[in-house]
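Worksheet: one structure, shown below.
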Amino acid sequence: MEAQSHGTAPADSPVLGALSVEPLLTAEFDADPGAVYRRLRARYGPVAPVGLMGVPLWLVLDYREVLEVLRNESQWRRDVRYWRARAQGELPRDWPLLAGYEVRQMMFVDDEEHRAARRTHHTALRPFQDARSPEGWELRSAVARYADELVAMLAAESGRSGFADLGAQYTRPLLLMVTTKLFGCPVELGDELVMDLWRMLDGGPDAGPATGRALAAFTRLAAHRRARPGDDLTSYLMLADPDLTDEQLGRELFMNAVYLNDITGNMVLNTLLEVLRGNATVRRSLSAGQLGETVNRAALANPPVANMCFRFAARDVRLGGFWIRAGDIVSPSAAGAHQDLLAIGSSHMVGSTVSTRAHLGWGAGPHQCPSAARELGAMIVTTAVGRVFDHFTRAELTLPPDQLPWRSGPCVRGLKVLPVRYDLAHDIPLPHGPGPDRFPAAPQPEGHTKGLLAALRRLMFGGGKTRTL
Ligand code: HEM
């Protein structure tokens, strides 16, 4: 049977806006989204109506239906102008998630406009994807070096044994350093910029102004690199499509920053967590040295893009147990689909190394993560996770896994902190004296990296505000 069938919705079939829906974002959802997906599936089947900050939408939960929505772009559109409730002015004023969707860039366009934007991205990202090209080689060694430097900073600050938050003291600064390097930022990206990306994605009360601030920062970066091109993604995007204005380029950088910075960072943290909480299959692949497989398994257990970007129905269509009407909004849930997938074939899924690639952590269909970006993301995650387990002889969670605090938001499943008790290997350099000035004992960075490390010291130890773009 097909996952969906077309036609005109029968007049007596339930209409999204008229259904009584339960709100998705609750304390239960923050703590245990899997329980919420299970309950919704038991009540409604593969597609469930839910409320998202006061707006009803269809949450697509089962693997087959999620794949259908991701793959069939003529039926499931990305352009927000297809959304009937928006076009008819029915959304609550200042609905917090709208600001991000109004930013017109590659992710939110369809057909040839979308394909052209993907070609531009592919051309611009390719040099960084290829480990044999100078840009690819340099980026790879920079990621490993930054990771080592951050561990050395930890040793300097807290000693060979102690307590650390692998979010604030390792993953977040690492991804800031990588983003600064890849985008060719003249000054460090500040933690405030990361917070603005969070505010936009999680739909906080400040989402609109936060989106505006982040966009303005990336437009300034585009203008800066136009005046002084370099060997960075910003300059390469400009080369790949010379017609891009600074505003357009700023919008593309902004969305790339979400994935490079926030999503990749969460993939690092989710992978570390799966290992630390004792997920047996994840641990087994790690101890077999299969880091790529470790990441696949962590993505299957806990994909950072838990619920993917909205799609809008082009025509009436039956999906799961409901008729979705033209212009309705749907959210395909990777996390829900993975739960379904694991339930269908738990024994062979968990045991086999090949089938874990069925995960939707990278999306699927025309808007899936571009191949060059995927390789880059995987390289960063495997390096970041690998370096932790190279340098730490012991790392244990200091909180029971079910008490770890998660961000509250509809799309991203991301930890706020990842607190561990650790012991470091003996080859990590130790500080010479007390206080933050001990840092020069860490491996001596050069040039650009030195500036970044100075900024990170301020960021991590509160010695002042990081300059923002
Ligand atoms: C482990 C890290 C990453 C994960 C888990 C990830 C995941 C995803 C997912 C799930 C989508 C599809 C979303 C949807 O269809 O709604 C996507 C799209 C995208 N990703 Fe990634 N991503 C990662 C790293 C990166 C990196 C490093 C970059 C750029 C440097 C990047 C750039 C993009 C772009 C531009 C799109 C939009 C593609 C389009 O709409 O055609 N991603 N990613």
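One-based numbering, in listed order, for ligands and for the atoms of each.
Within the structure, ligand 1 has Arg78 among the residues with a heavy atom less than 4.0 angstrom away. In this structure, Arg311 has a heavy atom closer than 4.0 Å to ligand 1. The closest approach between a heavy atom of Met255 and any atom of ligand 1 is not below 4.0 Å.
Checked against salt bridge (Lys or Arg N to Asp or Glu O under 4.0 Å), Arg407 has the following partners two or more places apart in sequence or in another chain: Asp202, Asp262. Under the ring-ring contact (aromatic ring centres under 6.0 Å, His included) criterion, His114 pairs with His367, not counting sequence neighbours.
Taking atom 35 (C) of ligand 1 as the reference point, the nearest protein heavy-atom neighbour is Met106 CE, 3.4 Å. Counting only heavy atoms of the protein, atom 29 (C) of ligand 1 lies nearest to Asn256 OD1, 3.3 Å. Nearest to atom 12 (C) of ligand 1 among the protein's heavy atoms is His367 O, 3.5 Å.
The nearest non-hydrogen atom to atom 10 (C) of ligand 1, considering only Ala306, Gly361, Ala372, Gly365, comes from Gly361.
A salt bridge links Glu138 to Lys181: one of the charged nitrogens lies within less than 4.0 Å of a carboxylate oxygen. Checked for salt-bridge contact, Arg325 and Asp316 miss the test: no charged N lies under 4.0 Å from a carboxylate O. Between Glu28 and Arg39 there is a salt bridge, since at least one side-chain N of the basic residue sits less than 4.0 Å from a carboxylate O of the acidic one.
For residues 49-70, the pairs satisfying ring pair (Phe, Tyr, Trp, His ring centres under 6.0 Å) are Trp58-Phe322, with sequence neighbours left out.
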After noting the C-alpha distance and the side-chain angles of Glu68 and Asn72, does the key distance pass the side chain to side chain donor-acceptor pair (under 3.5 Å) rule?
CA-CA 6 Å; Glu68 164 58 36; Asn72 185 347; 3.1 Å; yes
Trace of the salt bridge (Lys or Arg N to Asp or Glu O under 4.0 Å) decision for Arg126 with Glu375:
CA-CA 10 Å; Arg126 199 168 35 209; Glu375 283 197 29; over 6 Å; no
Quick one, Arg132 with Asp130, criterion salt bridge (Lys or Arg N to Asp or Glu O under 4.0 Å). Give me CA distance, side-chain angles, the key distance, then yes/no.
CA-CA 5 Å; Arg132 288 159 306 181; Asp130 182 357; 3.3 Å; yes
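Below 30°, between 30° and 60°, or above 60°: for Phe312 and Phe310 the angle between ring planes is above 60°, a perpendicular geometry.
Within the listing of ligand 1, atoms 38 (C), 39 (C), 41 (O) sit less than 4.0 angstrom from a heavy atom of Arg118. Using a 4.0 Å cut-off to heavy atoms of His114, the atoms of ligand 1 that qualify are 39 (C), 40 (O), 41 (O). Residue contact check: Met267 has heavy atoms under 4.0 Å from atoms 1 (C) of ligand 1.
Counting only protein atoms, the N, O or S atoms lying less than 2.8 Å from atom 21 (Fe) of ligand 1 are Cys369 SG, ordered by chain and residue number.
Between Cys309 and ligand 1, at least one pair of N/O atoms sits closer than 3.5 Å. Geometrically, ligand 1 and His121 share no nitrogen or oxygen pair separated by less than 3.5 Å.
Residue Arg71 qualifies as open at atom CZ: its count of foreign heavy atoms under 6.0 Å is 12 or below.
Heavy atoms from both the backbone and the side chain of Met107 come within less than 4.0 Å of ligand 1.
The closest donor-acceptor contact from the side chain of Asp246 to the backbone of Thr219 lies at 3.5 Å or more, if one exists at all.
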